[in-house]
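Below: the structure, in C-alpha cells.
Keep in mind that this is a model prediction, so the values were computed, not measured. When a ligand or atom number is given, it counts from 1 through the structure's own listing order. Note that these values count all heavy atoms, side chains included, but never hydrogens, waters or copies made by symmetry.
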Amino acid sequence: MIIVLKANTPAAEIAEVTRHVTEMGYEPRVIQGVERTVIAAVGDELSHQSLEQLRGMSCIENVVPIQKRYKLASRAFHPSGSVVDIAGRKIGGGHFQVIAGPCSMESYEQFRKATADLAACGVTIVRGMAYKPRTSPYDFQGLGEKALEILAAVKKEFGVAVVTEVLGPSQVEPLAGLADMLQIGARNSQNYHLLEVVAKAGKPVLLKRGLAMLVDEWLSAAEYLLVNGCPGVILCERGIRTFEKATRNTLDVGAVAAAKAESHLPVIVDPSHAAGVSKFVLPLAKAGIAVGADGLIIEAHPDPVNALSDAAQQIESAKFGALLEELRPWIKLAGQTMG
Ligand code: PEP
Ligand code: MN
C-alpha cells in the first residue's frame, strides 16, 4: 500500500505514521519529496490488517492499495480460464453453455412443458426456481418447498442438471440436496454470511452481479465462496442500475471483459434480466458472446403472457430452438464449443 501524506507534514507526524505501519506488520519505506512524503508499506495486504484504517489520521491525504483484495479468484493465481463442472456439463475454458428455464416454477405442468421444450433443442442445464426474491411482498414469491417435488420429478424424467436460487441459509441444505448448482441472486451477492454458508454446500455456485456492484466487489464476493471451499464459481452479469429506462437494466458488457481479464472464473451473461423484454434478449445474448462470455442464462416459459414472474422478458419455450440456432454461429465465431 502507498500512503500519501499531506504537504509539509512535520517529521514527528511522519514518524507516528511509520510507527503505526510497523505495528500493523508492514515494513515502511519513506520516500521524501520536496514538499510531500510518501510511505510505501511493504507486506502482504491479504494477511495483514488493511492500512486503509489510517485514512482518519489528519496528516494523511490518501491510502492507495496496490494488491487486490482477492487472490483465489484472480487470474494471477490461475492464469488459464477455469472449467466448472455442473453434474458432468462443463463451462469455461472454451466450453459454452446455454442455461435456460422459466423465471419461476409455477406448477408441475408449466415446469415440465418448459423443460421438455428446452431439452428437445439440446439444453442440458435448466433453471428451476422455487424461491423468488421479489421487489414487492405482494408479488408471487415462488412455490417454495412445494416446488422441490416438481423439480425432482422433472429433473429425473429429462435427465437435466438444475440450477436453483437460494435466498437464505435455511434453504441451502434442502436445495443443495437436489440442485446441481446454486444461484446467489443479484440482491444477495453481498450477503457475506449467505455466501459462506452456500460455499460449504459442496455445489458449484452461480454468482450474479449486484445491481450496483463494482467488478472488484463482485470478485471479492467470489473470493468469499472460494475461500470457504466452494467447488466452482461462475460469475453472471445480469445488467446494472443506470439512468436508462429503455431496458430493465443496463447490460454491462465492459464488466464481462474486465471480469474475464481479472479472473480465471467463467463469466456468463443473463440477457433476460438485463433486457426486461423478450425482443432484446437475442441482441444482448449476441453482445455477451461477442465480448467473451462463457455462457448464457435465458428465461423461457411455455406461456410467457401468463407467467407469474418476469412475464415480459421470457422467450416462449417452444421457440427456444430458433433462438439457439441464431446464436450458434456467434458462439462458433467466438471460438467456443457448445457443451
Ligand atoms: C432470477 O434469476 O430469476 C433473478 C431473480 O435474477 P437477479 O437476481 O439477477 O435479479
Ligand atoms: Mn426472473
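- Scanning the protein heavy atoms around atom 8 (O) of ligand 1, the nearest turns out to be A186 N, 2.7 Å.
- Atom 6 (O) of ligand 1 has K208 NZ, 3.0 Å as its closest protein atom, hydrogens excluded (heavy atom only).
- Contact of the V4 side chain with the I2 side chain is registered, since non-hydrogen atoms from C-beta on lie closer than 4.5 Å.
- A 6.0 Å sphere centred on CD of E35 holds no more than 12 heavy atoms belonging to other residues, nucleotides or ligands.
- Heavy atoms of H273 approach ligand 1 to within less than 4.0 angstrom.
- Here is the list of ligand 1 atoms found below 4.0 Å of a heavy atom in E299: 3 (O).
- The closest side-chain donor-acceptor pair between N8 and R36, if any, does not fall under 3.5 angstrom.
- In this model, no donor atom of one side chain and acceptor atom of the other lie less than 3.5 Å apart for Q313 and S272.
- At a heavy-atom distance under 4.0 Å, only side-chain atoms of K132, from C-beta outward, approach ligand 1.
- Contacts classified as salt bridge (Lys or Arg N to Asp or Glu O under 4.0 Å) and involving residues 199-215 (residues at least two apart or in different chains) are given here: K208-D270, R209-E237, R209-D252.
- Pairs passing the ring pair (Phe, Tyr, Trp, His ring centres under 6.0 Å) check and including a residue from residues 66-122, sequence neighbours excluded, read H78-H264.
- Ranking the protein heavy atoms by distance from atom 9 (O) of ligand 1 puts R238 NE, 2.7 Å first.
- Note on K155 versus D180: salt bridge recorded, some NZ/NE/NH1/NH2 to OD/OE distance being below 4.0 Å.
- Between D310 and H273, the side chains place a donor N or O and an acceptor N or O closer than 3.5 Å (distance only, hydrogens not considered).
- Under 4.0 angstrom from ligand 1, there are no non-hydrogen atoms of C236.
- Here's the thing with D270: none of its N/O atoms is less than 3.5 angstrom from an N/O atom of ligand 1.
- Within E299, OE2 is the N, O or S atom that lies nearest to the Mn ion (ligand 2).
- Which parts of ligand 1 touch G185 is read off a 4.0 Å heavy-atom cut-off, strictly below it: atoms 8 (O).
- Take the N/O/S atoms of D310: the one nearest the Mn ion (ligand 2) is OD2.
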